[in-house]
Student: 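The structure that follows is given in the form of structure tokens.
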Amino acid sequence: MRRLAGLLVVPLLLLSTAACGSDDKGSDSASMTNGLPAITAGAKFGEKPTLAKGEGAPPKELKVNVISEGKGPVTKKGDALQVNYLGQAWDSTTPFDNSFDRGQPFDLTLGAGQVIKGWDQGLEGQKVGSRIEIGIPPELGYGAQGQGDIKPNATLVFVVDILKSVTIPKSATGTPVAQDNKDLPKVGTNTDGKAPTLTVPKTDPPTKLVSNYVLEADGEAVKATDTVVVNYVAALWKDGKVFDSTYTTGKPANFPLAQLTLKGLKDGLVGKKVGSRVLIVAPPSEAFGNEEKQGIPKNSTLVFAVDILTKM
């Protein structure tokens with residue numbers, strides 16, 4: 001089964017390949033606080049922080065310091081989170097990445113393996129509105145292989161502002177909409193969290209983008225700047241074969257729409273209501289055109305059944 005998500009989003013920071021950590025205070029100094037590098041400027045929630053260089057041996061286990069505690073709900077596994085962050089290696093004074101400069105928060109599903117283990121573990125059990133600092137040993141980061149500017153076996157330090165946490169429903173809901181066009185695929189209307197059926201007719205595909213409700217909910221309309229959390233089944237029109245599905249892993253996908261490179265999928269989702277199930281048929285001009293992508297033949301018409309579970 002091919003993973004379509006990797007073809008859709010231009011990654012900003014490729015983080016993926018009960019909060020825990022030591023209760024030891026560690027020694028404080030001008031450049032260290034509670035065993036982690038001190039924030040020397042921009043210490044308040046929402047401000048871009050500046051981190052000191054780590055002193056001495058880095059922590060061998062995950063370490064989480066709450067810099068300021070928020071008053072929102074406690075994050076739990078399976079929640080959709082929106083955060084701002086700055087990341088820096090223990091032995092460096094230069095961040096390798098941060099979302100503050102981009103003005104674009106980072107979205108993830110907690111515990112879904114979309115980020116390094118140190119993030120999944122360190123962000124769980126924290127209150128929305130909190131600023132936390134996380135010290136991540138190599139085995140919970142990028143390990144011996146490193147990643148881009150991150151050296152092999154690097155201990156990482158992140159300052160993370162938890163902006164938002166949303167509970168993800170298991171399925172789309174809403175009113176079934178008649179699927180009476182025999183020339184279009186038919187999508188199941190089950191709401192039990194299992195994959196809906198997707199049946200492609202043996203007819204010529206449409207030449208223009210199709211985006212129809214299967215289940216119409218009453219949520220907010222999706223905007224082109226939103227990040228949506230979705231479950232989907234994706235198939236080829238040619239033979240009806242499913243080439244990707246989030247249901248096989250049981251983990252929804254996060255789609256920042258501004259970064260989607262598959263135009264038909266983005267355009268098919270914008271304007272649709274959160275909580276709905278949508279049939280999208282993307283002709284080659286709205287999909288991958290005359291390029292082959294991970295075994296998807298060139299000039300393929302793609303069919304999607306998408307549950308818009310929530311948006312950030």
Side-chain angles (χ1 to χ4, degrees), residues 13-26 28 32-39 42-49 51 54 58-88 90 97-100 105-143 154-170 193 227 229 231 246 249-254 309-312:
L13 172 63
L14 295 176
L15 287 170
S16 58
T17 49
C20 57
S22 170
D23 290 330
D24 297 336
K25 292 295 182 182
D28 287 358
M32 296 289 290
T33 303
N34 194 16
L36 291 177
I39 299 175
K44 294 181 180 179
F45 183 93
E47 295 179 340
K48 178 186 174 182
L51 275 174
K60 295 181 179 180
E61 297 181 352
L62 185 71
K63 185 170 182 60
V64 180
N65 291 343
V66 177
I67 306 302
S68 60
E69 187 173 66
K71 298 181 179 180
V74 174
T75 62
K76 61 185 184 300
K77 191 175 296 185
D79 284 353
L81 301 189
Q82 186 172 82
V83 304
N84 272 321
Y85 68 90
L86 179 140
Q88 186 168 300
W90 178 271
D97 193 23
N98 82 91
S99 65
F100 294 93
F106 183 75
D107 300 294
L108 68 141
T109 299
L110 192 59
Q114 296 174 350
V115 292
I116 53 176
K117 292 180 181 179
W119 267 48
D120 268 341
Q121 295 177 21
L123 290 171
E124 185 178 354
Q126 305 293 342
K127 291 182 179 180
V128 173
S130 296
R131 165 166 284 194
I132 64 173
E133 185 177 7
I134 313 174
I136 302 177
E139 59 270 22
L140 298 179
Y142 294 104
T155 294
L156 307 178
V157 183
F158 286 92
V159 176
V160 184
D161 287 353
I162 305 174
L163 306 175
K164 191 174 182 180
S165 179
V166 179
T167 299
I168 303 174
K170 68 177 182 178
T227 291
V229 182
N231 271 325
T246 57
T249 62
K251 297 174 181 177
N254 291 45
L309 299 175
T310 189
K311 72 170 187 172
M312 300 303 294

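Every heavy atom of this structure was used, including side-chain atoms; hydrogens, water molecules and symmetry mates were not.
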Student: Atom CG in Asn98, atom CZ in Phe106: separation rounded to 0.5 Å?
Tutor: 13.0 Å
Student: Of the options Ile134, Leu110, Val64, which is the one that meets Gln126 in a side chain to side chain contact (heavy atoms under 4.5 Å, CB included)?
Tutor: Val64
Student: Might you point out which heavy atoms bring Thr155 and Pro138 nearest each other, and give the distance in Å?
Tutor: OG1-CD, 3.7 Å
Student: Could you check whether any side-chain heavy atom of Val83 comes within less than 4.5 Å of a side-chain heavy atom of Pro105, counting everything from C-beta outward?
Tutor: no
Student: For the backbone of Thr246 and the side chain of Asn231, can you confirm whether one donor and one acceptor N or O come within less than 3.5 Å of each other?
Tutor: no
Student: Rounded to the nearest 0.5 Å, what's the gap from CG on Leu309 to NZ on Lys170? Could you check?
Tutor: 12.0 Å
Student: Quiz question: by atom type and distance under 3.5 Å, do the side chains of Ser165 and Asp79 form a donor-acceptor pair?
Tutor: yes
Student: Mind listing the closest non-hydrogen atom pair of Glu139 and Lys60 along with its distance?
Tutor: OE2-O, 3.4 Å
Student: Quick check: do Leu81 and Trp119 have side-chain heavy atoms less than 4.5 Å from each other?
Tutor: no
Student: Just wondering, do Phe45 and Leu163 contact through their side chains at under 4.5 Å, heavy atoms?
Tutor: yes
Student: Using modelled atom types and a 3.5 Å cut-off, is there a donor and acceptor pairing between side-chain atoms of Thr75 and backbone atoms of Gly125?
Tutor: yes
Student: Which heavy atom of Asp107 sits nearest a heavy atom of Gln82, and at what distance?
Tutor: OD1-NE2, 3.0 Å
Student: So do Leu123 and Val115 actually touch side chain to side chain, heavy atoms under 4.5 Å?
Tutor: no
Student: Per the side chain to side chain contact (heavy atoms under 4.5 Å, CB included) rule, which among Asn84, Ile39, Leu36 passes with Val159?
Tutor: Ile39
Student: In Å and rounded to the nearest 0.5 Å, what is the CD to CG distance from Gln121 to Leu62?
Tutor: 6.0 Å
Student: What I want to check is whether the side chains of Asn65 and Asn34 have a donor and an acceptor closer together than 3.5 Å.
Tutor: yes
Student: Between Pro59 and Pro137, what is the shortest heavy-atom contact and its length?
Tutor: O-CB, 4.0 Å
Student: Against Pro49, only a single residue in Ile67, Val160, Leu86 fulfils side chain to side chain contact (heavy atoms under 4.5 Å, CB included); can you say which?
Tutor: Leu86
Student: Would you call Arg131 and Ser68 a side-chain contact if the rule is heavy atoms closer than 4.5 Å?
Tutor: yes
Student: For Ile162 and Lys127, what are the C-alpha separation, side-chain angles and deciding distance, and is it a side-chain contact (heavy atoms from CB on, under 4.5 Å)?
Tutor: CA-CA 8 Å; Ile162 305 174; Lys127 291 182 179 180; over 6 Å; no
Student: So do the side chains of Ile116 and Leu156 get within less than 4.5 Å of each other, counting heavy atoms only?
Tutor: yes
Student: Under the 3.5 angstrom rule, does the side chain of Ser130 hit a backbone N or O of Glu69 as a donor-acceptor pair?
Tutor: no
